[in-house]
Visitor: 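The structure under discussion is supplied below as structure tokens; questions concerning it will follow.
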Amino acid sequence: MQQFLTPLARTATRMMRAALPAVLATTLAAAPLAAQSLFSPAIRVNEDIITRYEIAQRQLFFETLRIPGSSAEDVRQSLIDDKLRLQALREAGIDYPPEGVQQGIDEFASRGRLSTEEFLQALAEVGVDAETIRDFVAMQLAWRDYISTRYLAQARPNPDEIDRAMGLGGGGGLQVLLSELIIPVTPQTLEQVDAISRELSQLESFGAFEAAAAQYSAAETASQGGRLPWIPLADLPPALQPEILSLKPGEVSDPITLPNAIALFQMRDVRETATGTPSYAKIDYAAYYMPGGRTPQTLEAAAELRNRVDVCDDLYGVAKGQPEQVLDRVNAAPGEIPRDIALELAKLDKNEVSTALTRNNGQTLVFLMLCNRTRDLGADASREDVANALTQQRLAAFADSLIAQLRADAVIVEE
């Protein structure tokens, strides 16, 4: 469910101006056919109707801004949900004030670095009516406030629930489902990679991020579209935890600078778990440095080494007779660990290995092994960050549940 306007507005200028010619051509070509029955009912939702004009306008609006869910079927379903929301709001006697809607449109436009007049004019040029935009913004704002008013008391976590989410109570914990995109950087490519990463940070759909990860990412997850498994929040680098928690599903982080790379993360989901996810006072890991970087020969040698070592101490035997600097054994607080290493360690269980990192401008492969984690009763993400994340997660679940119930009770007839 698209509850918030911010993610949708982040790329308004770039996407809209890029899409104008193609969308305009498509719209003009389809105009004679659409005009035949433009305002006839297409869908009946209880006592309300959705016209073919509304469907065409919503699809054109979404396509122009490249908002996820712009296919014909997705648009029809989103309009059905909007009619159900409208009926719930009407029954509750809620009508969002015009000045609030205007403020929402102003914010929508400003986040795309446009004035409101420029924003509406650009959309008008491809045939999107201002009323279509106002209806969309009004519904998003009114529904968000309605859900918050109706469920906020139930959604707010109590102190014990916050403790569990932070891994302090021995009960549950907070986990995040992320996708990653790691782009290697050299002094020669820094400017180019910086521009690409800023462009990719504006992506708003899961499919677009997966395609970008497959194209640009050097991480081992690239073949899976960057998708990572569930990761306990406490396993992430402390400085990164608030930034990750601030993301809503579908949002992409700002570019994160790492040694030899720039990273982007997309939030896919957040959940509470029944088992604890403690924070850690110390992380014990080993890094064995192999010349050759990510060449096939070095990666093959790393794969063979992975099969030969069972625990971190085995690496001492591997490094025997070599210069002392080829092996680092580190036992440090999470905040003291380099961010790229900390991110890789977050994906590992004890005695697991990563070969995703390099040093020396890509000329040296890092054979990284997690040795142990030492629990700590402290927590790095603030209680407020965790409480807000839990609240938003629960409000989204309440909203989805309510829409599902309204759909189950509705009479929906497609003409």
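These numbers were taken from a predicted model, which means no experiment stands behind them.
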Visitor: Any non-hydrogen side-chain atom of D269 less than 4.5 Å from a side-chain atom of W230?
Guide: yes
Visitor: Can you tell me how far apart CZ (R394) and CG (L152) are? Round to the nearest 0.5 Å.
Guide: 11.5 Å
Visitor: Working to the nearest 0.5 angstrom, can you tell me the gap between N372 CG and L370 CG?
Guide: 7.5 Å
Visitor: Please check if atom CD in Q154 has more than 12 non-hydrogen atoms from other residues, nucleotides or ligands closer than 6.0 Å.
Guide: yes
Visitor: Please check if the side chain of R268 supplies one atom and the backbone of L178 the other of a donor-acceptor pair under 3.5 Å.
Guide: yes
Visitor: Can any side-chain N or O of S401 pair as donor or acceptor with the backbone N or O of F398 at less than 3.5 Å?
Guide: no
Visitor: Which pair of heavy atoms, one from I80 and one from I412, lies closest together, and at what distance?
Guide: CG2-CD1, 3.7 Å
Visitor: Could you check whether any side-chain heavy atom of L177 comes within less than 4.5 Å of a side-chain heavy atom of R227, counting everything from C-beta outward?
Guide: no
Visitor: Less than 4.5 Å apart, side chain to side chain, heavy atoms only: is that true for I133 and L120?
Guide: yes
Visitor: Do any N or O atoms from the side chain of S78 and from the backbone of V75 form a donor-acceptor pair under 3.5 angstrom?
Guide: yes
Visitor: Show me, pair by pair, the donor-acceptor contacts under 3.5 angstrom made by side chains of residues 315-322, not counting sequence neighbours?
Guide:
residue : atom : partner : partner atom : Å
Q322    : OE1  : Y288    : OH           : 3.3
Q322    : NE2  : Y288    : OH           : 3.0
Q322    : NE2  : V318    : O            : 2.8

Visitor: Testing the basics here: between I55 and A42, what is the closest heavy-atom pair and its distance to 0.1 Å?
Guide: CD1-CB, 3.6 Å
Visitor: Output side-chain donor-acceptor pairs under 3.5 Å for residues 255-266, partner residues at least two apart or in another chain, one line each.
Guide:
residue : atom : partner : partner atom : Å
N260    : ND2  : T358    : O            : 3.0
Q266    : NE2  : S205    : O            : 3.2
Q266    : NE2  : G250    : O            : 3.1

Visitor: Check step by step if side-chain contact (heavy atoms from CB on, under 4.5 Å) holds for M267 and E251.
Guide: CA-CA 6 Å; M267 175 66 78; E251 281 191 296; 5.5 Å; no
Visitor: Hey, is the main chain of D314 close enough, under 3.5 Å, to the side chain of R308 for a donor-acceptor pair?
Guide: no
Visitor: With a 3.5 Å distance limit and no angle check, can you tell me whether E54 reaches the backbone of T51 through a side-chain donor-acceptor pair?
Guide: yes
Visitor: Please report the closest heavy-atom contact between N361 and P187, naming both atoms and the distance.
Guide: OD1-CD, 3.6 Å
Visitor: Between Q224 and S179, does a side-chain hydrogen bond (donor to acceptor under 3.5 Å, both in side chains) hold up when you go through it step by step?
Guide: CA-CA 9 Å; Q224 291 83 47; S179 293; over 6 Å; no
Visitor: Hey, are the side chains of Y289 and D328 touching, using non-hydrogen atoms and a 4.5 Å cut-off?
Guide: yes
Visitor: Quick check: closest heavy atoms across V128 and T64, and the distance to 0.1 Å?
Guide: CG2-OG1, 4.5 Å
Visitor: With sequence neighbours excluded, what pairs up with T186 under the side chain to side chain donor-acceptor pair (under 3.5 Å) test?
Guide: Q188, T189
Visitor: By the disulfide bond (SG atoms under 2.5 Å apart) test, which pairs, at least two apart or in different chains, include something from residues 386-415?
Guide: none
Visitor: Rounded at 0.5 Å granularity, tell me how far CG in L123 sits from CD in Q57.
Guide: 9.5 Å
Visitor: Check ring-ring contact (aromatic ring centres under 6.0 Å, His included) between F206 and all other residues, then give those that pass, not counting sequence neighbours.
Guide: none
Visitor: Has Q241 got a side-chain atom pairing as donor or acceptor with L236's backbone, closer than 3.5 angstrom?
Guide: yes
Visitor: On a heavy-atom basis, which atom in P291 and which in T298 lie closest, and how many Å separate them?
Guide: O-OG1, 3.1 Å
Visitor: Using the disulfide bond (SG atoms under 2.5 Å apart) rule, collect all pairs that involve residues 284-369, keeping only residues at least two apart or in two chains.
Guide: C312-C371
Visitor: Work out which heavy atom in R339 is nearest to a heavy atom in P237; give both atom names and the distance.
Guide: O-CG, 4.2 Å
Visitor: Give a yes or no answer on whether the side chain of T391 reaches the backbone of A387 with a donor-acceptor pair at less than 3.5 Å.
Guide: yes
Visitor: Is there a side-chain contact between V309 and F367, using heavy atoms and a 4.5 Å cut-off?
Guide: yes
Visitor: Listed by chain and number, what are the side chain to side chain donor-acceptor pair (under 3.5 Å) partners of N360, not counting sequence neighbours?
Guide: none
Visitor: Would you compute the distance between atom OG of S217 and atom CD of E210 and round it to the nearest 0.5 angstrom?
Guide: 12.5 Å
Visitor: Are the side chains of R44 and V411 in contact, using a 4.5 Å heavy-atom criterion?
Guide: no
Visitor: In Å, rounded to the nearest 0.5 Å, how long is the span from CD of Q297 to CG of L365?
Guide: 12.0 Å
Visitor: Using ring-ring contact (aromatic ring centres under 6.0 Å, His included) as the criterion, list what pairs up with F61, not counting sequence neighbours.
Guide: F136
Visitor: Enumerate the disulfide bond (SG atoms under 2.5 Å apart) contacts for residues 220-249, please, sequence neighbours excluded, ordered by first and then second residue.
Guide: none
Visitor: What verdict does the side-chain contact (heavy atoms from CB on, under 4.5 Å) test give for L245 and L174, after you've listed the backbone C-alpha separation in whole Å, the side-chain angles of each residue and the deciding distance to 0.1 Å?
Guide: CA-CA 10 Å; L245 279 178; L174 200 63; 3.7 Å; yes
Visitor: Would you check, one step at a time, whether the test side-chain contact (heavy atoms from CB on, under 4.5 Å) holds for V353 with L305?
Guide: CA-CA 10 Å; V353 170; L305 179 58; over 6 Å; no
Visitor: Could you check whether T116 and D106, counting side-chain N and O atoms only, form a donor-acceptor pair closer than 3.5 Å?
Guide: yes
Visitor: Run through R407, R76, R58 and flag the one making a salt bridge (Lys or Arg N to Asp or Glu O under 4.0 Å) with D81.
Guide: R407
Visitor: I need the D82 CG to I403 CD1 distance, nearest 0.5 Å.
Guide: 8.0 Å
Visitor: Verify side-chain contact (heavy atoms from CB on, under 4.5 Å) between I337 and I283, making sure each step is shown before the conclusion.
Guide: CA-CA 8 Å; I337 299 173; I283 306 293; 3.5 Å; yes
Visitor: With a 4.5 Å heavy-atom cut-off, do K83 and N46 have their side chains touching?
Guide: no
Visitor: So does A142 get a backbone contact from the side chain of D145, meaning a donor-acceptor N/O pair under 3.5 Å?
Guide: no
Visitor: Quick one: does I147's side chain get under 4.5 Å of L402's, heavy atoms only?
Guide: yes
Visitor: Regarding Q103 and E107, do their side chains bring together a donor and an acceptor under 3.5 Å, going by distance alone?
Guide: no
Visitor: Checking R294 now: which residues fulfil salt bridge (Lys or Arg N to Asp or Glu O under 4.0 Å) with it, not counting sequence neighbours?
Guide: none
Visitor: Among residues two or more places apart or on two chains, list those pairs meeting salt bridge (Lys or Arg N to Asp or Glu O under 4.0 Å) that have a residue in residues 346-360.
Guide: E180-K347, D340-R359, E344-K347
Visitor: Within the distance-only criterion (no hydrogens, no angle test), does the side chain of Q393 pair as donor or acceptor with the backbone N or O of V270 below 3.5 angstrom?
Guide: yes
Visitor: Take atom CD in E99; do more than 12 heavy atoms of anything else shown fall under 6.0 Å from it?
Guide: yes
Visitor: Going by ring-ring contact (aromatic ring centres under 6.0 Å, His included), name the residues that satisfy it together with Y146, two or more places apart in sequence or in a different chain.
Guide: W143
